[in-house]
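Data first, discussion second: the structure below is written as C-alpha cells.
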Amino acid sequence: EGNAARAARELGQGWKVNPYIHIEPGKTFTLAHIKDSGVINHFWMTPVGDYRLMILRFFWDDETEPSVEVPVGDFFAAGWGMGNEPRITSLVICVNPRSGFNSYWQMPFGKSCKITLENLSSKRATVYYQVDYSLEAVPEKTPYFHAQFRHVNPLVKKVYTIVDGIKGRGHYVG
C-alpha cells in the first residue's frame, strides 16, 4: 500500500513504499508519533512547495505546547526559500541541492515524541521525509532540544532580543 506501491512492488517486505505525503492547505500532518523513550538520530526531509509556510513542531513527553516550532527552511538553516538553499555540510545540519534537508541533532525524549508539519500555504504541499530514531532509556536530567522562530517584516532598525526567558540548564546554539 502507499502512494508509491506500484513502483515498489518488487522491492519486497520492509521497504518504504510511501516515500512522500501530500498536505492540503491549512492542514497538519503527523510525521511521527513515538510512544516510548528514545533519541531521534537523523531527520531527513525534501519539501516541495513554499516551505517557509510549512511549520515544523516537535512535542516531547506528551507536551501540549511544542518545544520546537519553526518554519521548515529555518529549522535546516535554509530560510531563503526553494531554489535559494545554501549548501551546508556540518556535524548537525546538511543541506543538499534541491532542498535535501538533513538534521543530525540528537533529540532525546523520555516518554514520547510527536512531530507534526502544518501547511500554511494556499497550495497543496508534497513532502518526502524520514525520521530515524533508536528506542533507549534516556537519563532523567538529559537536556532536550528546543527551537523557536521569530520574524519581523518589514525589518526596522532596533535592538532585537534573541534569547529571553529561558529557564533550566542547557546549551545555546545559533
Side-chain angles (χ1 to χ4, degrees), residues 20-21 23-82 85-86 88-96 99-121 125-153 160-174:
Y20 61 92
I21 49 112
I23 307 174
E24 297 301 325
K27 299 295 182 185
T28 299
F29 183 84
T30 299
L31 299 172
H33 197 180
I34 306 160
K35 297 179 181 181
D36 208 337
S37 176
V39 178
I40 295 174
N41 299 299
H42 173 239
F43 178 41
W44 162 74
M45 177 180 285
T46 298
V48 179
D50 188 351
Y51 51 77
R52 286 303 305 272
L53 295 174
M54 295 180 200
I55 308 301
L56 190 58
R57 294 182 180 93
F58 288 67
F59 300 83
W60 310 126
D61 301 342
D62 302 320
E63 292 174 317
T64 56
E65 297 295 319
S67 287
V68 173
E69 186 171 28
V70 63
V72 167
D74 297 274
F75 180 83
F76 291 99
W80 296 274
M82 192 158 201
E85 298 87 358
I88 299 172
T89 303
S90 74
L91 290 174
V92 292
I93 296 291
C94 292
V95 176
N96 300 313
S99 72
F101 298 143
N102 290 274
S103 167
Y104 295 94
W105 287 106
Q106 298 290 291
M107 295 184 259
F109 48 95
K111 294 188 291 186
S112 67
C113 164
K114 182 177 177 183
I115 305 171
T116 66
L117 185 61
E118 181 179 9
N119 179 10
L120 298 177
S121 171
T126 300
V127 180
Y128 298 79
Y129 75 97
Q130 183 167 312
V131 179
D132 299 318
Y133 63 93
S134 55
L135 296 177
E136 57 188 85
V138 174
E140 190 174 312
K141 294 192 179 204
T142 299
Y144 280 25
F145 185 91
H146 291 72
Q148 292 181 345
F149 176 79
R150 292 190 177 105
H151 179 102
V152 175
N153 192 9
Y160 290 95
T161 302
I162 295 174
V163 177
D164 187 25
I166 295 175
K167 295 180 176 101
R169 297 173 43 189
H171 305 280
Y172 171 77
V173 179

| query | Rounded to the nearest 0.5 Å, how far does NZ of K27 lie from OG of S121? | reply | 14.5 Å
| message | Checking the side chain of Y144 only, and the main-chain atoms of G110 only, is there a donor and an acceptor separated by less than 3.5 Å? | response | yes
| message | Counting neighbours of CD on Q148 that are heavy atoms of other residues, nucleotides or ligands and sit closer than 6.0 Å, is the number greater than 12? | response | no
| note | Closest heavy-atom pair, P108 versus V138, reported as atoms and distance to 0.1 Å, is CB-CG1, 3.9 Å
| said: For a quick test of reading the model, state the closest non-hydrogen atom pair linking V48 to M54 and the distance between them. | reply: O-CE, 3.8 Å
| Where do F58 and I115 come nearest, in terms of heavy atoms and distance? | CE2-CD1, 3.5 Å
| task | Test T46 against N96 for side-chain contact (heavy atoms from CB on, under 4.5 Å), laying out the working first. | result | CA-CA 10 Å; T46 298; N96 300 313; over 6 Å; no
| Between the main-chain N or O of F145 and the side-chain N or O of W60, is there a donor-acceptor pair closer than 3.5 Å? | yes
| Nearest-0.5 Å distance that lies between atom CD in Q106 and atom CG in N41 | 4.5 Å
| query | Is it true that a side-chain atom of S37 and a backbone atom of E136 form a donor plus acceptor pair closer than 3.5 Å? | reply | yes
| task | Describe, in one word, how the ring planes of F29 and Y129 are oriented to each other, choosing from parallel (under 30°), tilted (30 to 60°) and perpendicular (over 60°). | result | perpendicular
| remark: Sorted by chain and residue number, the ring-ring contact (aromatic ring centres under 6.0 Å, His included) partners of H33 (sequence neighbours excluded) come out as none
| remark: Separation between SG (C94) and CZ (F76), nearest 0.5 Å, reads 10.5 Å
| request: Apply side-chain contact (heavy atoms from CB on, under 4.5 Å) to Y128 and W44, showing your working. | output: CA-CA 8 Å; Y128 298 79; W44 162 74; 3.4 Å; yes
| said: Would you say CG of L135 has more than 12 non-hydrogen atoms from neighbouring residues, nucleotides or ligands within 6.0 angstrom? | reply: yes
| remark: Partner of R57 under side-chain hydrogen bond (donor to acceptor under 3.5 Å, both in side chains), picked from E65, E63, E69, is E69
| If you measure from CG on L53 to CD on E118, what distance do you get to the nearest 0.5 Å? | 10.5 Å
| message | Let me confirm one number: the CG-OG1 distance from L117 to T30, rounded to the nearest 0.5 Å. | response | 10.0 Å
| said: Suppose we call two aromatic rings close when their centres sit under 6.0 Å apart. Are Y51 and F101 close by that rule? | reply: yes
| request: Return the orientation label for the Y104 and H42 ring planes: parallel under 30°, perpendicular over 60°, tilted otherwise. | output: parallel
| message | Using the ring-ring contact (aromatic ring centres under 6.0 Å, His included) criterion, which residues pair with F109? Sequence neighbours excluded. | response | none
| query | Okay, side chain of S112, backbone of D62: is any donor-acceptor separation there less than 3.5 Å? | reply | yes
| query | Residues two or more places apart in sequence or in another chain: which of them pass side chain to side chain donor-acceptor pair (under 3.5 Å) with D74? | reply | R52
| query | Are the side chain of D61 and the backbone N or O of K111 linked by a donor-acceptor pair below 3.5 Å? | reply | yes
| request: Before giving the answer on side-chain contact (heavy atoms from CB on, under 4.5 Å), spell out for Y133 and C113 the whole-Å C-alpha distance, their side-chain angles and the decisive distance to 0.1 Å. | output: CA-CA 10 Å; Y133 63 93; C113 164; over 6 Å; no
| request: Ignoring hydrogens and angles, tell me if any N or O in the side chain of N102 forms a donor-acceptor pair with the backbone of I93 under 3.5 Å. | output: no
| Approximate separation, where rounding is to 0.5 Å, of N119 CG and I21 CD1 | 9.0 Å
| query | What heavy-atom pair brings V95 and P86 nearest, and what distance separates the two atoms? | reply | CG1-O, 3.0 Å
